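We use all heavy atoms of the structure for the numbers below, so side chains are in, but hydrogens, waters and symmetry mates are not. Just so we're clear, the structure is a prediction, and the values are computed from it rather than from any experiment.
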Amino acid sequence: MNRLAQETSPYLLQHADNPVDWQAWGQEALDQAHSEQKPLLVSIGYSACHWCHVMERESFEDEATAAVMNELFVNVKVDREERPDVDAVYMDAVVALTGQGGWPLTVFLTPGGEPFFGGTYFPPEPRHGLPSFRQVLRAVADAYRERPEDVAAQAGALVDALRRSAETEPSREPLTEALLAEAERGLVSQLDPRWGGFGHAPKFPPASVLEFLLRRGTLDPGRLTLDGMAAGGMYDLVGGGFHRYSVDAQWLVPHFEKMLYDNALLVPPYLHAWLLTGEERYRFVAEQTLAYMLRELQLPSGGLASSQDADTDGVEGLTYTWTEEEGAPPELLQPFEHGRSILRGELDDDTRARLLEIRDRRPQPALDDKVIASWNGLALAALAEGARRLASDTLLQAAIELGKLLAVDPLWRTLRDGRAKHPAYLEDYANVAHGLYELHVATGDLRWLHEARRLALTAVELFGDPERGGFFLTPSDGEQLVARQKAFDDNPTPAGSSMLAFVLLRLARIWGDDELERQAVGALRLVRDLLPRAPSAFGWALCALDLHLSPPRELAIVGDPQSDVARAALRGFDPNSVVAFGPADDVPLLEGKTPVDGKPAVYVCERFACQAPVTDPAQLA
């Protein structure tokens, strides 16, 4: 075994028996590189990554390749889900070098941590214009030894570029409704008119963009995409939930890994489409996705696992594909590989249950059972809203238990087997605060509202940039990498800055806190000029801007959240209203709000100017 044997990450543990002398990222590796005067080889991936497994089988398990690696480099393995800061810095470096990125990420560093060469997957033998991995290893080592000036110049230029990316100046132009309208038009123009989604193959689920379109009432592009994704293939007709992405334009052939964050983010758009259209198929997809999350990702120790592999026994999609002999309806089978097919179409309840029972008896894909705070925050939001919208006690209890796990101080990044690993990053604080706010709305319990505010205020303190506004990915007291970065892209998950801005805007309206609003606006100003130019990259920032520009509307609800009047107040899709449940005098929106004649009451307010309290649900229709 190498030095990964004591790690908690399933991805790192998968490499613990490699003949490569791997170690985890840390000062020890950098010190070793200094003392041995070797460059570092940093390999970054994640447990559910298909091509990461391929490169391991081809290269990292190969004794001859491992011998070259051990001779020439200090070798470091990184789980990108555990260390998003390390991944972000070196992914940006490789994209700057090659024009593209992805996993497995292979990057070579000086002993000071400065990147000077990198790429993604390298084959064991030269093919498709790519050199073999061993050729790359020797060429990089030769360059490091024989041309140190060139290496230093390349590393210096890359580090300068990485640092400049965090020095974006806020726009001085106003934040206006015209930005939202232009972004909306841009998204509609980019829509695939046949299958929905944006761009061509491969297609990723555009959850944040769909949320923005539904908030704007732009239903046709949203419905086309939601229907296309749910037709079968990328959506699992048998077990519910969504695979990572589609390799084609029609959402048919998926990359079969299933990620917690995709499923958590897709539940709200399907729920909201159901509320806006009344069409039950959207409710059904949301219900089935939530059921999948609890059935297959919920862990006995608490929290939800981060992902399931694409492969089973080394074969991609083996668990999820079918033959006619296995009992699948032949009219629904679409050819895939190895004589197996993908299901696409509609299944009745009995057939779905029968096929799931058959599938459960097969070998199952590996589960990455580490709990990531950020992704569990997104799952908490989905479970809480799902519980409220679908009147499900099962979902509500699951949400409450998850809230208890996440409402801790200090917040961690990952948890596995009771061991918390690494301090939390910006996205962890932002997404957990978002989930806790939704849990407050679902339960009426003030604890969750206060916890959401505590985390949001802590995030402002730890990650805020008082000079240029916005928020850094890493905390001010965290490990110092070669560059401290800001992340703005809302794909595949909302950027931490977008989500924190969204949370701060909601809390600002509940607490009447102009400083929280100012912090949120500062984050939005950093992406203001990018929104109309690349709207598909900034879906959640657009949601936050839509909230910021909307007329303030606050709902102060006192009394039982299950009361008829409370349910009536929250029945529709009203995304720009903020909600607080009381009574409570330590929350400004709720101050002085009481039941009326002992009955639960709803106070509809605008900038804390409230209408007469309502106790009759019919008055809220």
* Has the side chain of R533 got a donor or acceptor atom that lies under 3.5 Å from a matching backbone atom of D529? -> yes
* So, do F204 and Y245 have ring centers that fall under 6.0 Å from each other? -> yes
* Asked: Side chains of D227 and Y282: donor-acceptor distance under 3.5 Å anywhere?
  -> yes
* Should we count CD of E346 as having more than 12 external heavy atoms under 6.0 Å? -> no
* Verify the distance criterion only: is there a donor paired with an acceptor across the side chains of H450 and D586 at less than 3.5 Å? => yes
* May I ask you to say whether E606 pairs ionically with R553, meaning some side-chain N is under 4.0 Å from a carboxylate O? => no
* Output yes when a side-chain donor or acceptor of R389 lies under 3.5 Å from a complementary backbone atom of R571, and no otherwise. => yes
* **Polar side-chain atom of S497 near backbone of A487 as donor-acceptor pair, under 3.5 Å** => yes
* **Pairwise side-chain contact, C610 with V604, heavy-atom cut-off 4.5 Å (strictly under)** => no
* Asked: Is the closest basic N to carboxylate O distance between R352 and D349 below 4.0 Å?
  -> yes
* **Side chain K486, main chain T168, donor-acceptor under 3.5 Å** => no
* Nearest 0.5 Å, what's the CH2-CG distance between W274 and L226? -> 14.5 Å
* **Aromatic contact, F502 with W540 (centres under 6.0 Å)** => yes
* Asked: Where is the tightest heavy-atom contact between L507 and A456, given as atom of each residue plus distance?
  -> CD1-CB, 3.6 Å
* Test item: Y320 and D236 side chains (from C-beta on) under 4.5 Å apart, heavy atoms -> yes
* Asked: Would F488 and F538 count as a close aromatic pair, with their ring centres under 6.0 Å?
  -> no
* **Any donor-acceptor pair under 3.5 Å from D597 side chain to K599 backbone** => no
* So which heavy atom on P600 is nearest to which on V565, and how close? -> O-CG1, 3.6 Å
* **Nearest heavy atoms of L304 and A379, plus distance in Å** => CD2-CB, 4.3 Å
* Is the backbone of P174 close enough, under 3.5 Å, to the side chain of R528 for a donor and an acceptor to pair up by distance? -> yes
* Counting distance only, does the side-chain N/O of N376 pair as donor-acceptor with the main-chain N or O of I372 below 3.5 Å? -> yes
* Asked: Quick one: does L390's side chain get under 4.5 Å of L271's, heavy atoms only?
  -> yes
* Short N-O contact, E182 and R185, less than 4.0 angstrom -> no
* **Within 45° cone of Y292 ring axis and under 6.0 Å: K258 NZ or CZ** => yes
* Side-chain ion pair, E438 and R506, N-O less than 4.0 Å -> yes
* **Residue pair Q308, E296: steps toward the side-chain hydrogen bond (donor to acceptor under 3.5 Å, both in side chains) verdict** => CA-CA 9 Å; Q308 292 172 300; E296 299 194 32; 2.9 Å; yes
* To do: Check the surroundings of atom CG in D348: do more than 12 heavy atoms from other residues, nucleotides or ligands lie under 6.0 Å from it?
  => yes
* Asked: For D192 and G199, which heavy atoms make the closest approach, and how far apart are they?
  -> CB-O, 4.4 Å
* To do: Before accepting this row, confirm whether a basic side-chain N of the pair R413/E427 lies closer than 4.0 Å to the acidic partner's carboxylate O.
  => yes
* Asked: Under 3.5 Å, is there a donor-acceptor pair between the side chain of S307 and the main chain of M259?
  -> no
* To do: Using a 4.5 Å cut-off on heavy atoms from C-beta on, say whether the side chain of L355 contacts that of L343.
  => yes
* Asked: Would a 4.5 Å heavy-atom cut-off, applied to side chains only, mark Y429 and L411 as touching?
  -> yes
* Pairwise side-chain contact, Y603 with V558, heavy-atom cut-off 4.5 Å (strictly under) -> yes
* Look at the side chain of K203 and the backbone N and O of S246, then say whether any donor-acceptor pair between them is shorter than 3.5 Å. => no
* Scan side-chain atoms only and decide if E517 and H548 contain a donor-acceptor pair under the 3.5 Å cut-off. => yes
* Under the side-chain hydrogen bond (donor to acceptor under 3.5 Å, both in side chains) rule, what do E515 and Q519 come out as? Steps first, then yes or no, please. => CA-CA 6 Å; E515 175 59 20; Q519 292 282 350; 3.1 Å; yes
* To do: Would you tell me whether T289 and N263 have side-chain atoms, one donor and one acceptor, within less than 3.5 Å of each other?
  => no
* **Exceeds 12 heavy-atom contacts within 6.0 angstrom, atom CZ of R447** => yes
* Please state whether the rings of Y235 and F242 are parallel, tilted or perpendicular, taking 30° and 60° as the class boundaries. => tilted
* **Side-chain H-bond candidate by donor/acceptor type, W103 with D87, under 3.5 Å** => yes
* For residues A556 and L590, report the shortest heavy-atom separation together with the two atoms involved. => CB-CD2, 3.9 Å
* **E257 vs Y46, side-chain hydrogen bond (donor to acceptor under 3.5 Å, both in side chains): CA-CA, chis, key distance, verdict** => CA-CA 11 Å; E257 67 197 63; Y46 58 104; 2.9 Å; yes
* **Beyond-backbone contact of R453 with V503, side-chain heavy atoms, under 4.5 angstrom** => no
* To do: Applying salt bridge (Lys or Arg N to Asp or Glu O under 4.0 Å), run through E177 and R216 and close with a yes or a no.
  => CA-CA 11 Å; E177 168 67 27; R216 300 283 293 175; 2.8 Å; yes
* Do Y437 and I510 come within less than 4.5 Å of each other through their side chains, counting heavy atoms only? -> yes
* Asked: Do T225 side-chain atoms and P221 backbone N/O form a donor-acceptor pair below 3.5 Å?
  -> yes
* To do: Go through the steps to decide whether H272 and E211 satisfy the test side-chain hydrogen bond (donor to acceptor under 3.5 Å, both in side chains), and finish with yes or no.
  => CA-CA 8 Å; H272 300 159; E211 189 66 22; 2.9 Å; yes
